[in-house]
Amino acid sequence: MAIAEAKSDKHPDLFAVRSLLFLPASNPRAVAKAREAGADLVVLDLEDAVKPDDKKTARKAAVEAVADDWPMPVAIRINGVGTTWHSLDLDAAARSKADYVVVPRAISEHLVRDVARTVGKPVLAMIETAAGVIAAPTIAHSCAGLITGTNDLRADLRLPLGATRQPISAALQLIVLAARAAGIAAFDGVFNDLEDSGGFLAEAEEGRGLGFDGKSLIHPNQIGPCHQAFAPDSAEVERARALVEAFHGGAERFGSEMIERMHVEAAQRVLERAAG
């Protein structure tokens with residue numbers, strides 16, 4: 001399903017979401033820009049992007065922001081369990097018109113389930129710790145999607161500053177596996193260097209290759225390259241179309257390959273994403 005087709009109920013097909021733009025809810029200029037930026041989903045952050053002294057202001061601003069109509073679905077990321085602001089954020093999110101609530105540092109299924117029950121909205125769970133990665137297969141059954149928190153995960157694993165993604169590659173794949181087993185969407189983490197457009201594109205393409213549906217972003221300038229990376233190219237679309245048209249049921253030959261229904265289903269997903 002295309003994003004545009006799903007906006008009427010503001011709960012889109014998350015498998016079609018390519019870009020999740022995170023921004024501090026306390027920054028009115030960033031919020032205003034996000035409305036027009038073209039991301040598939042916007043996340044108004046009350047957590048890491050907001051200073052402790054600004055938490056109250058950010059919470060109020062987030063509720064006010066989502067009271068208006070947006071051209072895309074909007075989520076609010078609350079502060080985690082055990083923080084001073086968690087219960088206040090839950091209350092605000094529950095009475096808000098946010099479409100989703102993002103739970104940071106999710107480490108258990110019951111935590112995520114409790115948040116979802118309290119706010120009465122679908123939840124996106126962030127997997128940001130070793131405990132979260134291990135629990136991801138159960139967490140995935142209590143939420144609408146998994147978001148990888150690569151920065152926090154690196155810190156939790158005590159990786160050296162500047163470490164590549166290689167040390168967390170197993171965690172990334174486990175998150176995708178957990179999401180697929182539960183039938184939900186999975187989103188890659190952020191790319192920190194705002195000046196390295198080539199590095200961002202390469203990481204986004206790698207994320208798609210790992211099976212992620214989309215990627216978390218920290219600046220509107222990353223939206224275009226993100227959509228490029230997660231969209232099939234013309235050769236992919238052409239091949240998918242030909243494969244679907246050639247299939248008549250059962251195992252059969254397609255060029256030099258043997259194809260079955262699973263290949264056709266994969267090709268149909270390519271065509272759906274290209275149409276979106």
Side-chain angles (χ1 to χ4, degrees), residues 1-50 58 61-62 64-78 93 96-104 121-126 144-151 184-197 199-201 203-205 207-208 212-232 272-276:
M1 183 183 299
I3 295 293
E5 295 173 342
K7 283 180 185 173
S8 59
D9 64 3
K10 297 299 290 293
H11 290 146
D13 175 5
L14 287 175
F15 292 114
V17 170
R18 303 155 296 180
S19 54
L20 291 80
L21 178 62
F22 283 73
L23 63 145
S26 55
N27 186 334
R29 183 169 177 269
V31 173
K33 289 180 66 176
R35 289 180 183 274
E36 310 299 328
D40 291 333
L41 192 151
V42 169
V43 181
L44 302 178
D45 193 12
L46 306 181
E47 200 215 12
D48 285 348
V50 179
E64 291 176 351
V66 296
D68 298 327
D69 287 336
W70 285 63
M72 71 284 288
V74 184
I76 293 177
R77 177 163 74 164
I78 61 175
S96 78
K97 292 185 178 179
D99 304 296
Y100 296 93
V101 172
V102 177
V103 179
K121 303 177 189 297
V123 164
L124 302 174
M126 295 200 69
L146 299 179
I147 304 173
T148 311
T150 44
N151 285 336
I184 62 174
F187 302 100
D188 201 356
V190 301
F191 184 81
N192 298 310
D193 191 340
L194 298 178
E195 303 297 324
D196 186 2
S197 57
F200 173 86
L201 184 60
E203 184 172 288
E205 289 174 341
R208 185 186 175 215
F212 285 106
D213 298 292
K215 188 169 181 62
S216 305
L217 313 179
I218 54 175
H219 195 280
N221 289 347
Q222 295 175 330
I223 296 172
C226 180
H227 290 180
Q228 176 186 339
F230 281 91
E272 288 171 2
R273 172 147 289 204

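Keep in mind it's a predicted model, so treat the numbers as computed, not measured.
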Next item on the list: Using the test side chain to side chain donor-acceptor pair (under 3.5 Å), find all partners of Glu64 that sit at least two apart in sequence or belong to another chain.
Entry: Lys60
Next item on the list: Run through Asp213, Asp13, Asp40 and flag the one making a salt bridge (charged side-chain N to carboxylate O under 4.0 Å, His left out) with Arg18.
Entry: Asp40
Notebook entry, point to check: Do Tyr100 and Lys121 come close enough that some side-chain heavy atom pair is under 4.5 Å?
Noted result: no
Notebook entry, point to check: Hey, is the main chain of Ala98 close enough, under 3.5 Å, to the side chain of Ser96 for a donor-acceptor pair?
Noted result: yes
Checklist line | Partner residues of Asn151 under the side chain to side chain donor-acceptor pair (under 3.5 Å) criterion, sequence neighbours left out | finding: Asn192
Notebook entry, point to check: Hey, what do you get for CG (Leu20) to CG (Leu14), rounding to the nearest 0.5 Å?
Noted result: 8.0 Å
Notebook entry, point to check: Donor-acceptor pair, Thr148 side chain versus Phe187 backbone, under 3.5 Å?
Noted result: yes
Item checked: Minimum heavy-atom distance Ile184-Ala144, with the two atoms named -> CB-O, 3.5 Å
Next item on the list: Please identify each residue that fulfils side chain to side chain donor-acceptor pair (under 3.5 Å) with Asp48, with sequence neighbours left out.
Entry: none
Checklist line | Heavy-atom pair with the smallest gap, counting every atom of Val66 and Lys97 | finding: O-CB, 3.3 Å
Item checked: Leu41 and Leu21: CA distance, side-chain angles, deciding distance, side chain to side chain contact (heavy atoms under 4.5 Å, CB included) verdict -> CA-CA 6 Å; Leu41 192 151; Leu21 178 62; over 6 Å; no
Item checked: Residues forming a side chain to side chain contact (heavy atoms under 4.5 Å, CB included) with Ala25, sequence neighbours excluded -> Leu44, Leu46, Ala58, Ala62
Check: Is the backbone of Pro73 close enough, under 3.5 Å, to the side chain of Asp99 for a donor and an acceptor to pair up by distance?
Finding: no
Note to self: Looking at Arg35 and Asp68, is there a salt bridge between them, counting it only when a charged N and a carboxylate O are closer than 4.0 Å?
What the structure shows: yes
Check: Residues in side chain to side chain contact (heavy atoms under 4.5 Å, CB included) with Ala61, at least two apart?
Finding: none
Next item on the list: Determine whether Ile78 and Val101 make a side-chain contact, defined as any pair of heavy atoms from C-beta on separated by less than 4.5 Å.
Entry: yes
Next item on the list: Provide the closest heavy-atom pair for Phe200 versus Cys226 in the form atom of the first, atom of the second, distance.
Entry: CE2-N, 3.5 Å
Notebook entry, point to check: Are side-chain heavy atoms of Leu23 and Val31 found at a separation under 4.5 Å?
Noted result: yes
Margin query: If we ignore hydrogens and angles and just use 3.5 Å, is the side chain of Trp70 paired with the main-chain N or O of Val42 as donor and acceptor?
Written below: no
Next item on the list: For residues Pro104 and Glu47, report the shortest heavy-atom separation together with the two atoms involved.
Entry: CB-OE2, 3.4 Å
Identify all side-chain donor-acceptor contacts of residues 214-223 below 3.5 Å with residues at least two apart in sequence or on another chain.
from   : atom 1 : to     : atom 2 : distance (Å)
Lys215 : NZ     : Gly189 : O      : 2.6
Lys215 : NZ     : Glu203 : OE2    : 2.8
Ser216 : OG     : Asp188 : O      : 3.0
His219 : ND1    : Asn221 : N      : 2.9
Gln222 : OE1    : Ile218 : N      : 3.0
Gln222 : NE2    : Phe191 : O      : 3.3

